[in-house]
Number of protein chains: 2
Amino acid sequence: MRSSPPADFRRILPPSLLTSARHTWLQPGAYLFHQRDPVRAVYFVESGQIALRRPLPDGNFVVTQVAGPGDSLAEAALFAEIHHCDAIGMVQSQVLGVPKQSMLDLFDRDHSVALAWTRHLSWQLQELRQRIEIRDIRPARNRVLAWLALHDRSEIVLDRPLKDLARELGLTHEVFYRTLAALERDGSIQRRKGMIVRTRSQI
Amino acid sequence: MRSSPPADFRRILPPSLLTSARHTWLQPGAYLFHQRDPVRAVYFVESGQIALRRPLPDGNFVVTQVAGPGDSLAEAALFAEIHHCDAIGMVQSQVLGVPKQSMLDLFDRDHSVALAWTRHLSWQLQELRQRIEIRDIRPARNRVLAWLALHDRSEIVLDRPLKDLARELGLTHEVFYRTLAALERDGSIQRRKGMIVRTRSQI
DNA sequence: CGAGTCGTTGAACGGAATCAATCGTCGTGG
DNA sequence: CCACGACGATTGATTCCGTTCAACGACTCG
């Protein structure tokens, strides 16, 4: 899908930063931080799933991000004094916390790291914009075809469960399964264990 | 909606950079750049609308971004030798092109500018993630309520046509109108010229 | 005064969500 | 080892909500 490298924090942060970082285990429902907590660190998800949500006056929430393995979390917090949303583990999760000040200091000392971070953010942006646009494609058949077409190789390796991919595409997993089945039926794709192969590529 | 400042490039780029920038007028359908063109500049939309789209082998396209006034365009190009998508004016548009090298040089010379750019990207990311999550909310009524709830003040000033807001929310304008009408009917909001006022805020 | 666009409502259709049931696989513990 | 539960994958049936098409009024602009 993406023409940019995978946005995994391990490729962005230098080892020197990683040593000053703290690993944390989070049980399901446990808070990583609360709204209005002072910002101490920028976080990266190593495993599990962390949700960011903004509490509303009436006691409800609006979810603003769901971060999975490899994702960075609340990068904008780097430029804020306090958090403006809650962070909660959806499942048992492991996160890496890099102290805010260490990060800013390193940016200051080492240009290449600052630039690498900028590149990371730019890639993320590109990917998200793409995701938004692809979700606007209707019906499901065309959306899935577009998603397939964005992959450079005709063989798409499924590194995640189809269920997760469905969510990324903004479809329920049922509809995604059905659509894939329909595409295979009419010969647009072939399915092999753990991968999808594009055959014709008409949208 | 956002708790961060508006992401307008005029607040990020220092005047020194803006002087070295070039204004370009783009007619509808005209290309700002093509895929595989060498990256010369990073662009900002001053007026109109620019679409980024990735050409497919079969002659089709997948749109990856639609940028409006104030938006930066293809920031990731700053780290690439060639463009990997086309940029086309959807309507008559004016863009500002800041030479890639000027930008990188300035980042190198002036930390504060580099940091401002990082902050800009972080805010953009946050906003996009929020947009994605809000578009997952169904049905339309709840989505609109969530969108309203994200605004800090109970009076939401409509700076853009409702049509555009509908698009941002991932709804057709008809459904958006209807939903607003329904919300007003049951007393959840009140509408005054150019603004919407939250009254009750239950989701 | 028309042309164009936004805002608004109506009616009908279609496609995706939802609910439900089944199968396979994997890991866990008795 | 097998039973059990959890979860992914899959398909069916039904419902419902958002899209689409259509029409109209208000407003702005040339």
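Quick note on labels: first sequence line is chain A, next is B, and so on, each numbered from 1. The figures here come from the full heavy-atom set of this structure, side chains too, leaving out hydrogens, waters and symmetry mates.
- Atoms CD (A:Glu174) and P (D:dT11) sit 12 Å apart, rounded to a whole Å.
- Remark: the B:Arg178 side chain and the D:dT20 base include a donor-acceptor N/O pair separated by less than 3.5 Å.
- Residue A:Arg138 places no side-chain atom within donor-acceptor reach of the base of D:dG18, judged by atom type and a 3.5 Å distance cut-off alone.
- Proximity of the aromatic rings of A:His120 and A:Trp123 is defined here by a centroid distance below 6.0 angstrom, and this criterion is not met.
- Residue contacts for A:Arg143: at a heavy-atom cut-off of 4.0 Å it reaches no nucleic acid atom on any strand shown.
- Residue-to-nucleotide proximity on DNA chain D shows that, of A:Leu180 and B:Thr179, the 5′-proximal contact is made by A:Leu180.
- The aromatic rings of B:His173 and B:Tyr177 lie perpendicular to each other, with more than 60° between the two planes, well past the 30° mark.
- Regarding contacts with the backbone of D:dT10, a side-chain N or O of A:Arg191 is found under 4.0 angstrom from either OP1 or OP2.
- The residues B:Glu174 and B:Arg178 are annotated as not salt-bridged, no charged nitrogen and carboxylate oxygen being separated by less than 4.0 angstrom.
- Put simply, A:Thr172 has no side-chain N or O that comes within less than 4.0 Å of OP1 or OP2 on C:dA16.
- Axis deviation across the helix from C:dC1-D:dG30 to C:dG30-D:dC1 amounts to 40°, comparing end segments of five pairs, rounded to 10 degrees.
- In this structure the side chain of B:Tyr43 never reaches within 4.5 angstrom of the side chain of B:Ile50, judged on heavy atoms.
- Side-chain contact between A:Trp147 and A:Ile137: absent, with no pair of heavy atoms (C-beta onward) separated by less than 4.5 Å.
- Taking atom CG of A:Leu162 as the reference point, atom C1' of C:dG24 lies 14 Å away to the nearest angstrom.
- Between B:Leu148 and B:Val144 the shortest side-chain heavy-atom distance falls below 4.5 Å.
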